[in-house]
Amino acid sequence: MKKDLIIACPTCKVSQRWSECTEHKPFCSKRCQLIDLGEWANESHTIAGPTLYESFDDENGDL
C-alpha cells in the first residue's frame with residue numbers, strides 16, 4: 001500500500017494529503033488552481049528563457 005504524501009498547496013500553503021485520487025493536485029481546491037492559472041495568464045509567473053522575439057532573431061537573422 002502506498003503512503004499518501006502531505007504537501008502544501010502552492011497557492012495558499014495549506015497542508016493537504018496528496019494521493020492518486022486528489023482532484024486538484026497539487027492545489028487544495030479548484031479556487032487555488034484558478035488563482036494560479038490567472039497568475040500565469042497575467043504573466044505574474046514566468047519561466048526564465050529568451051523572449052519570443054530573441055528566439056526569432058537567432059533563427060532568422062531578421063527583425
Task: Polar side-chain atom of Thr46 near backbone of Glu43 as donor-acceptor pair, under 3.5 Å - done: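 No: the side chain of Thr46 does not pair with the backbone of Glu43.
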Open item on the list: With a 3.5 Å distance limit and no angle check, can you tell me whether Ser29 reaches the backbone of Cys32 through a side-chain donor-acceptor pair?
Closed with: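 Yes: the side chain of Ser29 pairs with the backbone of Cys32.
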Open item on the list: Would Ile7 and Gln16 count as a side-chain contact (heavy atoms from CB on, under 4.5 Å) here? Give the steps.
Closed with: CA-CA 6 Å; Ile7 63 160; Gln16 64 173 336; 3.9 Å; yes
Open item on the list: Apply the hydrophobic cluster definition, ILVMFWY joined by side-chain contacts under 4.5 Å directly or through others, and give me every member besides Val14.
Closed with: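 Reading the cluster by chain and number, Val14 sits alone, since nothing else belongs.
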Open item on the list: Using the side chain to side chain contact (heavy atoms under 4.5 Å, CB included) definition, which of the options Ser15, Cys9, Pro10 pairs with Cys28?
Closed with: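 Exactly one option meets the side chain to side chain contact (heavy atoms under 4.5 Å, CB included) with Cys28, and it is Cys9.
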Task: Sequence neighbours excluded - ring pair (Phe, Tyr, Trp, His ring centres under 6.0 Å) pairs with any residue from residues 7-37 - done: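 As it turns out, there is no ring pair (Phe, Tyr, Trp, His ring centres under 6.0 Å) pair with a partner in residues 7-37 once direct neighbours are skipped.
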Open item on the list: For the CD1 atom of Ile35 and the CZ atom of Arg31, what is their distance to the nearest 0.5 Å?
Closed with: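 Interatomic distance, Ile35 CD1 to Arg31 CZ, rounded to 0.5 Å: 3.5 Å.
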Task: Atom pair CD (Gln33) and CD (Glu23), whose distance is rounded to the nearest 0.5 Å - done: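 Interatomic distance, Gln33 CD to Glu23 CD, rounded to 0.5 Å: 8.5 Å.
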- [ ] State which residues pass side chain to side chain contact (heavy atoms under 4.5 Å, CB included) with Ser44; sequence neighbours excluded, sorted by chain then number.
- [x]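 Ser44: side chain to side chain contact (heavy atoms under 4.5 Å, CB included) contacts with Glu39, Asn42.
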TODO: Applying side-chain hydrogen bond (donor to acceptor under 3.5 Å, both in side chains), name anything that partners Trp40, two or more places apart in sequence or on another chain.
DONE: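 Expected list: Asp36.
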